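Computed from a predicted structure; not experimentally measured.
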Amino acid sequence: MSEPEHEYIALPIKFIEELNLASDLKQTLACIASWCYYIFDVSRVSITLYNEDSKALTVFSLAGNTAIELGTEVPINSSFVGQVFQQRQAELYLHSSGKNYIDTDALAQNGIFACFDVPLIKQNVCYGTLNFGFSDQVTSQYFDQRSASTFANFLSVYIYMYYSYSQEHDFARKDPLTKLPNRRALIEDAKRLISQNESNLQYYLLLIDIDYFKNINDTFGHDFGDKVLVKFAQELSGWFAKESVHCYRLGGEEFVVLIEKSQLDKLDDQLESLTQLELNLEEQVISISTSIGLAQFQANESSIAKALSRADQALYRAKDLGRGLVIKAE
């Protein structure tokens, strides 16, 4: 019995090699856009992704003509690319058709008079579009639409896998109650800081424990205690709202702040105020105190475990000395 015939798309080996080197979604889509531009020999290639916050399509990757620039948010209801995204169907646009869209008008003003846009769909979710632009309409009508659509399917798999991994990874790193990063996230972030700390920045750990938290649970109930933890996490995140500061929940009523020394120095005089807080909960104000152990995360340490141990020892000294204190590890 003869083997069934199959159609193929030939891809450059260099493309596959570069794709394998891409470390995140941005690099992956930039690689795909630049190679699509070369493989399909068109005037412009762009990849848009749906932005949940703005409810628009963002130009995420771009090669060739820059009429609509990288990072531009294209409204869905008034654009051709938005129509393709909503209808989930590939479509060819010719400027001579007389139809006006906000994106195709901008492209035509800059020398792109035809485009073929393909939705990026996987598992019944449309993530965005792969878009090909042409400087003349005749060339566009001989364009290999089937190969372009197949390439879009290939791209959709990459995007789907990235989002699936990201969601699983984020879930594994997040405390379900407070939504703060958890102990696993702290360990991973510390390892990253160790490997990337080329400028030898100094970091400190603040190990924070809510004093007498058991009394709160016993007096008001565990549901109320959970609300205290959530509110405290929000206060903590607001208090340390800097890029070089990271807040985590270790578990129970223990929290950690990983902070770069220059930021800690700025807060040195204010740190004591974190030991006495008032939290507004359900039209009720509750006063809490915290004990804090402070320890340096030394650059020559291979993990954060020793720094956590030193901070823990300082925390227990704060407890022994009466609570509501900040104690620095020796």
Side-chain angles (χ1 to χ4, degrees), residues 23-24 26-27 71 166 169-170 172-175 178-211 229-279 288-330:
S23 61
D24 56 25
K26 183 177 181 180
Q27 291 183 12
S166 296
H169 188 246
D170 288 346
R173 285 170 48 92
K174 188 175 291 185
D175 172 54
T178 65
K179 309 307 179 186
L180 285 180
N182 57 18
R183 179 185 289 269
R184 171 179 173 170
L186 171 63
I187 294 170
E188 290 178 351
D189 292 349
K191 286 181 179 179
R192 176 177 51 80
L193 287 175
I194 292 170
S195 64
Q196 297 179 355
N197 192 10
E198 298 176 356
S199 54
N200 295 318
L201 296 174
Q202 292 182 319
Y203 288 88
Y204 280 81
L205 289 179
L206 301 177
L207 182 56
I208 305 169
D209 185 271
I210 300 176
D211 296 328
L229 293 173
V230 171
K231 187 64 176 179
F232 179 75
Q234 293 170 352
E235 292 286 331
L236 198 64
S237 298
W239 220 79
F240 293 103
K242 300 287 183 182
E243 287 186 4
S244 55
V245 184
H246 310 275
C247 301
Y248 307 84
R249 183 190 179 202
L250 282 193
E253 63 270 25
E254 280 195 335
F255 296 80
V256 167
V257 177
L258 180 57
I259 182 169
E260 199 264 310
K261 184 179 184 300
S262 63
Q263 294 295 335
L264 181 62
D265 290 342
K266 294 176 183 178
L267 295 169
D268 193 38
D269 295 336
Q270 307 170 43
L271 206 54
E272 294 288 344
S273 63
L274 188 59
T275 63
Q276 304 293 330
L277 295 173
E278 289 190 343
L279 305 179
I288 64 168
S289 70
T290 66
S291 298
I292 302 174
L294 174 63
Q296 184 177 357
F297 179 26
Q298 297 171 359
N300 61 351
E301 293 177 331
S302 59
S303 76
I304 203 167
K306 290 182 179 179
L308 268 176
S309 178
R310 291 193 298 273
D312 193 49
Q313 292 172 19
L315 171 64
Y316 275 94
R317 283 203 301 276
K319 297 281 189 183
D320 290 341
L321 291 171
R323 294 179 167 82
L325 300 171
V326 180
I327 298 294
K328 186 174 181 179
E330 298 176 354

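Scanning all heavy atoms of the two residues, the minimum distance from Ser303 to Phe297 falls at O-CE1, 3.5 Å. Here the shortest heavy-atom pairing between Leu180 and Ser237 reads CD2-OG, 3.3 Å. Contact detail for Lys179 and Lys174: the closest heavy-atom pair is O-CG, 3.6 Å. Taking each heavy atom of Ala185 and Tyr248 in turn, the nearest pair found is C-CE2, 3.8 Å. Leu258 and Leu193 make their closest contact through CD2-CD1, 3.4 Å (heavy atoms, listed as atom of the first residue, atom of the second, distance). Taking all atoms of both residues into account, the shortest heavy-atom contact from Leu186 to Leu250 is CD2-CD2, 3.9 Å.
A distance of 10.5 Å separates CG of Leu264 from CD of Gln202, quoted to the nearest 0.5 Å. Atom CD1 of Ile292 sits about 4.5 Å away from atom CD1 of Ile208, to the nearest 0.5 Å. Separating the CD1 atom in Ile327 from the CG atom in Leu321 is a distance of 5.5 Å, to the nearest 0.5 Å. Between Lys231 atom NZ and Thr178 atom OG1 the span is 14.0 Å, to the nearest 0.5 Å. Note that the CG atom of Leu207 and the CG atom of Leu315 stand 5.0 Å from one another [nearest 0.5 Å]. Atoms CZ and CZ, from Arg249 and Phe232 in turn, are 11.5 Å apart once rounded to the nearest 0.5 Å.
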If you apply the rule side chain to side chain contact (heavy atoms under 4.5 Å, CB included), what do you find for Ile187 with Arg184, and how did you get there? CA-CA 5 Å; Ile187 294 170; Arg184 171 179 173 170; 5.9 Å; no
Just do the side chain to side chain contact (heavy atoms under 4.5 Å, CB included) check on Leu229 and Ile210 with the steps written out, would you? CA-CA 9 Å; Leu229 293 173; Ile210 300 176; 4.0 Å; yes
What's the verdict on side chain to side chain contact (heavy atoms under 4.5 Å, CB included) for Leu279 and Gln234, showing C-alpha distance, side-chain angles and the deciding distance? CA-CA 10 Å; Leu279 305 179; Gln234 293 170 352; over 6 Å; no
Take Leu271 and Trp239, measure what side chain to side chain contact (heavy atoms under 4.5 Å, CB included) needs, and give me the verdict at the end. CA-CA 10 Å; Leu271 206 54; Trp239 220 79; 4.1 Å; yes
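In the displayed structure, Lys328 atom NZ is contacted under 6.0 Å by at most 12 heavy atoms of other residues, nucleotides or ligands. Summarising the local packing, CZ of Arg183 is surrounded by 12 or fewer heavy atoms from other residues, nucleotides or ligands at distances under 6.0 Å.
Checking side-chain atoms of Gln263 against main-chain N and O of Ile259 turns up no donor-acceptor pair under 3.5 Å. Between the side chain of Thr290 and the main chain of Leu274, a donor-acceptor pair closer than 3.5 Å is present.
Under 3.5 Å, the side chains of Asp211 and Ser291 contain a donor-acceptor pair of N or O atoms.
Under the 4.5 Å side-chain criterion, counting only non-hydrogen atoms from C-beta, Leu325 is not in contact with Thr275.
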